[in-house]
Amino acid sequence: MSSAFEKLARPVQKWVRAQGWKELRDVQARAIHAVCGTSDDVIVAASTAGGKTEAAFLPLISQVLQASAEQGGFDLLYIGPLKALITDQARRLDDICQETGLPVTPWHGDVTASVKARALRAPHGILLITPESLEALFVRRGLEIPRLFGATRAVVLDELHSILDSERGVQVRSLLARLERSTGHPIRRIGLSATLGDMALARAYLRADDPEAVHLVKATGGEAELRLQLRGYVSGNQNDAGPSATDAVAEHLFRHLRGSNNLVFAGARQQVEIYADRLRELCETAQLPQEFYPHHANLSREHRDFVERRLKDAGKPTTAVCTSTLELGIDIGDVTCVAQIGAPFSVASLRQRLGRSGRRAGQPAILRQYSIETRLAADSSLADRLRLGLVRAVAMIELLLEGWCEPPRPDALHLSTLVHQVLSVIAGRGGATAAQLYRQLCQDGPFRQVSAPLFLEVLRAIGTSDARLIEQAQNGLLLLGEVGEKLVGHYGFYAVFPTPEEYRLIAGGRDLGSIPLENVLSRGMMLIFSGRRWTVQEVDTVNRAITVTPSQAGVPPLFGGSPGVIHDRVISKMREIFEGDRDPGYMDRPALELLAEARRNYHALGFATSPVVQTGESTFFIATGCGTVKNTTLALALQSFGHEVQEHDGFLEIASAKADLPLAESLDRLASGGAVDLFAGRPNLMFEKFHRYLTEDLLREDALSSRLQAEALPEICGRLHVLN
DNA sequence: GACCTGCTGCGGTTTG
């Protein structure tokens with residue numbers, strides 16, 4: 001074998017031989033060279049099942065075995081975003097570590113207290129943990145952190161792309177900074193990832209102080225051949241006797257997916273329920289065994305485990321109709337085809353989904369995109385006339401083929417998570433000064449966009465007699481306040497993301513899953529859930545439980561949700577598609593007809609010659625050319641001048657009858673940098689878990705750093721000239 | 001016009 005193999009410790013070499021591998025994979029060999037003999041941070045980027053775990057751990061375990069560790073504590077730390085992933089990875093690592101004497105400890109909410117107690121008594125080997133459980137260790141055992149992690153050589157961050165820009169990712173980076181501070185030494189970081197949009201930004205996220213030094217090991221080649229089809233459907237054929245678009249899509253899925261393993265991403269939980277119900281019915285009508293099952297976060301763990309097990313079982317063909325639950329990490333084996341109903345919200349997630357198919361050598365990856373558009377009428381909306389769903393789906397596929405995907409937004413303040421970390425540090429240390437908190441979280445930690453004055457404003461907000469999260473002792477030390485004590489003492493504290501309140505649904509004494517509280521249900525009402533139909537028997541509002549029995553009809557419940565964020569680049573690709581004339585070969589005839597119709601309407605409306613089009617006495621369409629963040633910013637700015645605004649992907653629909661200022665003048669004023677109050681319409685600014693403790697001013701600043709982009713207004717409006 | 005993720009400590013009972 002290669003020189004990389006020679007660098008591994010004996011017991012690890014023995015394990016590699018026992019696998020019967022002829023060669024280490026290229027990405028593994030390069031990762032071994034990058035990890036052994038250096039203390040560099042490393043990102044290993046390879047497709048799902050590309051051997052990333054081994055690439056990182058074979059050399060890391062070897063290093064641990066080759067060094068004489070005198071200090072106690074865990075040798076290696078692994079942070080994973082899912083409990084199921086930790087359980088999977090612990091099993092794989094346990095196998096590698098069989099002959100090394102290194103214990104492997106999985107640690108999350110479902111791991112028994114005895115396993116945790118044993119690991120705490122004699123910390124050693126590899127610890128695999130969730131961000132929340134690590135947070136709990138800091139809060140409950142803050143003083144023991146040096147003892148537990150004093151000898152830790154490296155931390156492996158799995159699914160790095162999934163935590164880069166999220167509140168949870170900020171939490172992880174904060175925990176890593178706190179870990180290095182408590183142990184008094186830097187701990188090398190190894191990130192594992194499949195999809196990364198911008199490597200420079202990913203490096204900065206992994207190690208903000210020294211991104212240039214992060215070593216990148218990226219798998220080359222090995223990409224499966226991609227087979228694509230985009231099918232177009234038109235709904236609302238009142239005059240036709242034919243099936244509805246939903247039925248037509250379900251029938252097509254039934255015909256083409258039956259007999260193999262597949263994933264159907266339906267976009268929303270309600271859609272998952274509708275398609276799963278139709279497909280179950282088609283199986284029953286044809287007297288065939290059931291093989292289509294729904295999978296989303298509101299279904300019971302028991303049902304989801306059943307679907308995941310069936311997907312892994314080669315003997316039973318299974319198609320899961322799902323949301324992004326089946327997008328990440330957990331091993332469900334290879335699937336034949338990935339279907340996507342409606343356009344996805346990001347190219348990154350489309351790429352991640354597609355990575356589930358075509359993983360075996362010689363097998364292509366197959367993507368079936370279904371786009372449903374509404375039949376046009378005289379009063380059809382701009383979105384329908386321009387076929388925005390279909391054009392966005394084409395734009396996403398084109399960007400996927402170009403290899404592009406969305407980078408994270410680097411300048412967000414993340415004030416909600418900052419509040420969480422302030423409470424956590426105070427709890428873990430039993431008190432802290434404002435200066436200590438600022439240094440630890442904002443200077444050395446991930447909240448570098450937060451200035452000292454802004455940080456003090458946050459501390460003041462959570463220290464008021466209303467908020468009572470923190471209070472100051474005589475000597476200046478900050479302590480938990482009455483509300484803070486209660487918050488931190490409850491086990492719900494550790495996660496940084498909010499969770500909605502829900503009813504549990506129970507049938508025959510078994511848990512079916514849960515639905516949001518906003519569903520108003522009473523005895524006798526019928527619903528579709530878990531792909532089947534039910535009648536409500538009893539609503540227990542005290543225990544938040546609804547009992548149901550099987551029925552013949554029903555409608556899916558409401559699951560709520562908030563609008564997705566589309567990147568600027570997707571909108572400019574959509575414009576290229578409107579203004580171009582190329583017909584992609586992967587589109588079927590109805591889809592091409594819809595595309596031709598979209599282009600005809602785009603030109604007929606006049607967008608090819610002017611981005612602002614007058615459609616009535618005081619009504620306008622604007623092609624802003626911007627993604628959701630800038631589009632929403634412009635919408636709020638125009639609303640502040642009294643215009644009524646409706647948002648679409650890359651477009652705004654304006655009614656100016658009641659405006660204080662004509663549209664042209666409004667745009668001119670914004671183009672020249674004139675003052676504007678984006679919050680005049682009092683938009684909802686509380687969307688993160690700890691936002692409720694912040695002042696209106698802080699909420700606005702937080703929104704401006706993440707959801708809006710006020711400084712872009714002059715540039716956006718400078719491009720928009722109204723033709724008179 | 002959306003999706004997903006996570007959870008401690010203690011008291012009581014049973015078992016060796």
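Below, chain A is the first sequence line, B the second, and so on; all start at residue 1. Nothing here was measured: the structure is a model prediction, and the numbers come from that model. The basis for the numbers below is simple: all heavy atoms, side chains too, and nothing from hydrogens, waters or symmetry mates.
Listed nucleotides B:dG6, B:dA2, B:dT5 differ in distance to A:Arg304; the shortest reach to its side chain belongs to B:dT5. Listed nucleotides: B:dC4, B:dC7, B:dG1. Nearest to the side chain of A:Ser133: B:dC7. Considering only side-chain atoms of A:Tyr491, the nucleotide from B:dG1, B:dT5, B:dC7 that sits closest is B:dC7. With distances taken from any side-chain atom of A:Ala297 to the nucleotides B:dA2, B:dG6, B:dC4, the minimum falls on B:dC4.
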| task | Determine, stepwise, if the pair A:Lys630 / A:Asp568 fulfils salt bridge (Lys or Arg N to Asp or Glu O under 4.0 Å). | result | CA-CA 8 Å; A:Lys630 290 181 191 163; A:Asp568 287 341; 2.9 Å; yes
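Residues A:Phe559 and A:His296 place their aromatic rings such that the two centres sit under 6.0 Å apart.
Pairs of residues two or more places apart, or lying in two chains, that qualify as salt bridge (Lys or Arg N to Asp or Glu O under 4.0 Å) and include a residue from residues 135-149 of chain A are A:Glu135-A:Arg178, A:Arg141-A:Glu144, A:Glu144-A:Arg147.
Across all strands shown, A:Lys116 has heavy atoms under 4.0 Å from sugar-phosphate atoms exclusively, and none from any base.
In this structure, A:Phe345 does not pack face-to-face on the six-membered ring of B:dC3, missing the 5.5 Å centre cutoff or the 30° plane limit.
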Donor-acceptor pairs are to be reported for all side-chain atoms of residues 480-489 of chain A against protein atoms at under 3.5 Å, with residues two or more places apart or in another chain.
from	atom 1	to	atom 2	distance (Å)
A:Glu482	OE1	A:Arg468	NH1	3.0

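Salt-bridge formation is detected for the pair A:Glu132/A:Arg168: a Lys NZ or Arg NE/NH1/NH2 atom is positioned less than 4.0 Å from an Asp or Glu carboxylate oxygen.
Residues of residues 557-564 of chain A having a heavy atom closer than 4.0 Å to DNA chain B, listed by number: A:Gly560, A:Gly561, A:Ser562, A:Pro563, A:Gly564.
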Pairs under 3.5 angstrom, nitrogen or oxygen only, protein versus nucleotides 9-16 of chain B, please.
none

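Checked by atom type, the side-chain pair A:Thr325/A:His295 shows a donor-acceptor distance below 3.5 Å.
With sequence neighbours excluded, the residues satisfying side chain to side chain contact (heavy atoms under 4.5 Å, CB included) with A:Leu517 are A:Glu501, A:Tyr503, A:Arg544. With sequence neighbours excluded, the residues forming a side chain to side chain contact (heavy atoms under 4.5 Å, CB included) with A:Pro446 are A:Val170, A:Arg173, A:Ser174, listed by chain and number.
When each of A:Gly489 and A:Arg353 is assigned the nucleotide of DNA chain B bearing its nearest heavy atom, the one mapping closer to the 5' terminus is A:Arg353.
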